[in-house]
Amino acid sequence: MLKKTLDRMFSMRPEAWYIFLSSVKLCCLLCLCAFALLKEWNGNMSESYVLYMTAISLIETSQAVLLIGVIGSFCIEAVQS
């Protein structure tokens, strides 16, 4: 089953592949920024609550970006095949 999924993924059209890879790259960048903010936060809730909430927002945004990228890639594949 995993082999079929990977074969289908690697045979995607270039446009769909570009959208998928771009969304993965953006997701990784947002998660890296969230990690840096959490390192700066240092567990001090009274002074750095804004940093904590910003990091949580970045993580949630990265999940949304990845979901939209996957749906967009699927739509391109479905329309063009």
Original post:
Between SG of C27 and CD1 of I68, what distance do you get to the nearest 0.5 Å?
Top reply: 11.5 Å

Original post:
Can you get from F35 to L29 by hopping between Ile, Leu, Val, Met, Phe, Trp and Tyr side chains that sit under 4.5 Å apart?
Top reply: no

Subject >> Same apolar cluster (I L V M F W Y, side chains within < 4.5 Å links), L58/V50 >> reply: no

Subject >> For S73 against A16, the heavy-atom pair lying closest together >> reply: OG-O, 2.9 Å

Subject >> Minimal non-hydrogen separation, M12 against F20, with atom names >> reply: CE-CB, 4.0 Å

Original post:
Are V70 and I76 in one and the same hydrophobic cluster, where Ile, Leu, Val, Met, Phe, Trp and Tyr link if side-chain heavy atoms are under 4.5 Å apart?
Top reply: no

Original post:
Atom CG of L32 and atom SG of C28: how far apart are they, to the nearest 0.5 Å?
Top reply: 9.0 Å

**OP:** Examine F10 and L21 and state if one hydrophobic cluster contains both, with Ile, Leu, Val, Met, Phe, Trp and Tyr joined whenever side-chain heavy atoms are less than 4.5 Å apart.
**Re:** yes

**OP:** With rounding to the nearest 0.5 Å, note down the distance linking OG1 in T61 to CG in L66.
**Re:** 12.5 Å

Subject >> Non-neighbouring partners of I71 that pass side-chain contact (heavy atoms from CB on, under 4.5 Å), sequence neighbours left out >> reply: L67, C75

Subject >> Partners passing salt bridge (charged side-chain N to carboxylate O under 4.0 Å, His left out) against K3 (at least two apart in sequence or in another chain) >> reply: D7

Subject >> Any donor-acceptor N/O pair, S22 side chain to I19 backbone, under 3.5 Å >> reply: no

Original post:
To the nearest 0.5 Å, what is the distance between CH2 (W41) and OG1 (T54)?
Top reply: 12.5 Å

Subject >> E40 atom CD: more than 12 heavy-atom contacts under 6.0 Å >> reply: no

Subject >> Any donor-acceptor pair under 3.5 Å from R13 side chain to Q80 backbone >> reply: yes

Original post:
When rounded to the nearest 0.5 angstrom, what is the spacing between CG in L30 and OG in S57?
Top reply: 11.0 Å

